[in-house]
Amino acid sequence: MCGIICYIGKQNSVPILIEGLKRLEYRGYDSAGIASLDSESNNVLFVKSVGKVSELEKKVKSHKFKGDYGIAHTRWATHGKPTESNAHPHTDCSKKLFLIHNGIIENYEVLKRELEKKGHRFVSDTDTEVLAHLIEDNLDGNFEDAVRKSLGMVEGTFGIAVIHRDFPRKIIVARRGSPLIIGVGEGEYLAASDVNAFIRYTNRVIYLNDDEMALLNDDNIVITDLNLNRISKEPETIDWSVEGDDKKGFKHFMLKEIYEQPKTVENAIRGRLIEGEGISKLGGLEPVIEKIMNLKKLTFVSCGTSFYAGLYGKYIFERLTDLDVYVDYASEFRYRNLKLSEYDGVMAISQSGETADTLAALREAKRKGALVLGLVNVVGSTIAKETDAGVYCHAGPEIGVASTKIFVSQCVILNLIALLIGRRKGLSIFDGMNLIREIKKLPEHIKTILENGNVIRDIARKYLSFKDFLYIGRHLNYPVAMEGALKLKEISYVHAEGYPAGEMKHGPISLIDENFPTVAIATNGFTYEKIVSNIQEIKARNGKVIAIATEGNTEIEKIVDDIIFVPETIDILQPILNVIPLQLFAYYFADFKGCDIDKPRNLAKSVTVE
Ligand code: F6R
């Protein structure tokens with residue numbers, strides 16, 4: 001949520017900041033702004049705009065300004081509507097200070113009242129503007145000191161960057177609870193809330209921890225804590241591709257990412273499977289493997305799509321290991337009064353590695369003594385850093401706000417983790433080898449489904465007039481039904497509910513009529529007959545049914561209205577294939593409706609506020 005990018009060096013900062021904002025736009029896209037300074041003249045370019053970064057870019061181009069350092073921001077509104085005055089950067093009364101912020105200042109009302117009494121005049125409804133005035137109020141000749149003192153007075157979370165015309169060629173950045181990463185280039189520094197924003201310029205990075213502050217200037221960087229004690233940190237070189245940042249001819253990033261999934265699976269399993277022994281090898285878990293083997297209970301905590309991956313993981317772990325497995329929304333887990341010990345494992349599943357609720361759940365688990373593990377995509381993200389051990393997805397950047405390839409990656413890796421544990425406890429070599437063989441076939445199976453994209457597109461077109469959808473699946477396919485419904489609602493704004501099919505008779509069936517179609521996951525498996533009964537019940541009430549079924553199933557064709565075939569694999573992997581047509585159905589449905597697929601309204605890719 002909200003994206004921050006800063007540059008200081010010898011180049012013109014303006015295009016670098018705009019380009020960085022475009023890469024951060026998935027974090028928030030209701031308004032954007034930039035403040036760039038030219039150190040020779042001390043002139044400033046200060047422009048804000050409502051809407052997408054492209055709107056800001058148009059305005060900025062007309063100024064033809066060159067500035068060798070600056071800060072820029074893309075916003076996802078928390079306090080105040082998306083207007084120009086609420087967009088960042090915010091300034092103080094002197095209009096010399098420019099500040100951008102990601103996070104929430106919880107005590108802003110109290111601070112604002114006090115500052116107003118002292119004569120400060122506010123022009124926005126945001127919590128952030130308070131911090132700009134607070135720094136002005138605390139400024140007594142020393143910029144760093146004023147920032148440090150002000151940060152000590154705020155409650156809440158922040159990733160900030162601030163510049164001041166009276167203190168040229170200095171950018172101060174700081175964080176508490178919101179990500180901030182510094183890029184170390186040749187004679188230049190960048191800072192951003194996500195490495196994607198500057199990875200084209202450098203892959204040498206310094207991660208700021210909570211309550212750390214950094215002063216970036218011409219030729220050095222000084223990192224301190226909020227008491228100004230020096231902290232020494234060497235840049236790390238990261239392995240993060242820029243590959244994800246162009247659409248490669250696809251109309252949207254979401255479609256590109258759906259079509260990338262055969263490769264996503266290959267990346268998830270590369271070097272991690274030893275077929276001859278029927279086991280997996282996950283270097284990230286090795287340091288804690290004995291602790292994992294001693295666990296009595298494992299809980300997956302996550303949000304949204306990552307939660308549904310955890311829900312799927314529960315079934316997989318139950319099948320392959322002897323662990324008691326639970327799954328909880330991170331936003332619920334964090335406030336539960338759980339008794340945890342070293343025999344409890346808590347695994348955070350997160351694409352971004354920055355989701356506020358997931359991070360809070362993890363910290364709560366850690367505080368209570370649990371072993372905390374992570375399944376994360378973004379390398380070096382806060383969750384990845386705060387876990388005791390973990391596994392990366394290695395899926396590259398996911399730019400489309402609706403998660404697709406990461407869900408598939410998470411599901412595949414959950415199999416690998418369960419296999420690692422299961423094989424040490426009773427899972428036979430035969431079962432392990434069989435699972436590995438089937439996992440290896442997934443990329444080809446996914447390609448087969450993707451080749452069928454036109455059929456799915458035609459079905460999506462046929463159902464465009466419907467305003468409500470029910471998605472049902474049983475057992476392993478229940479999480480997939482939930483995920484399919486989430487995909488449709490988030491990008492097309494059409495109501496869709498996911499349900500475990502067995503629950504249908506306990507309420508939702510009353511909704512069914514000719515205007516309320518159902519998407520039924522009805523691939524082969526031990527619950528197949530049950531879901532067919534559910535389909536019959538829907539048909540008996542004039543409900544239309546789109547079925548996801550196993551290739552060659554000619555029987556089901558006779559009872560449903562439309563059918564999407566998928567290749568057959570073993571039942572525990574089948575959901576990984578079944579979700580692909582649901583992603584495509586949602587995509588085409590939203591595309592026909594003309595929705596802004598990569599940036600659905602009100603959403604942001606990385607939810608860094610509670
Ligand atoms: C849905 C979606 C969200 C995220 C959720 C968790 O398509 O993308 O529901 O899955 O916000 O995000 P991460 O995985 O980054 O923790």
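Start at 1 and go down the list; that is how both ligands and their atoms are numbered.
Numbered from 1 in the order shown, with element, the atoms of ligand 1 that lie under 4.0 Å from a heavy atom of Ser352 read 13 (P), 15 (O), 16 (O). Within ligand 1, the atoms closer than 4.0 Å to a non-hydrogen atom of Gln351 are 13 (P), 14 (O), 15 (O), 16 (O), numbered from 1 in the order shown. Those atoms of ligand 1 that come under 4.0 Å of a heavy atom in Val401, given as number and element, are 8 (O). Atom numbering of ligand 1 starts at 1 in the shown order; those under 4.0 Å from a heavy atom of Lys487 are 1 (C), 7 (O). Every atom of ligand 1 is numbered from 1 in the order shown, and the set under 4.0 Å from a heavy atom of Ser306 is 10 (O), 13 (P), 14 (O). Taking every heavy atom of Glu490 and a limit of under 4.0 angstrom, the matching atoms of ligand 1 come to 1 (C), 7 (O).
Proximity annotation for atom 13 (P) of ligand 1: of Val301, Leu375, Thr355, Thr355 comes nearest, heavy atoms only.
Considering only residues two or more places apart in sequence or on other chains, Tyr493 meets the ring pair (Phe, Tyr, Trp, His ring centres under 6.0 Å) condition with none of them. Listed by chain and number, the residues in a side-chain contact (heavy atoms from CB on, under 4.5 Å) with Ser178 are Asn102, Thr157 (sequence neighbours excluded).
Atom 5 (C) of ligand 1 has Cys303 O, 3.5 Å as its closest protein atom, hydrogens excluded (heavy atom only).
The ring pair (Phe, Tyr, Trp, His ring centres under 6.0 Å) test with Phe300 is passed by exactly one of Phe317, Tyr329, Tyr315: Phe317.
Residues Phe198 and Tyr201 place their aromatic rings such that the two centres sit no closer than 6.0 Å. Ring centroids of Phe589 and Phe469 are separated by less than 6.0 Å, placing the two rings close together.
By the 30° and 60° cut-offs, the orientation of the rings of His73 relative to His88 is parallel.
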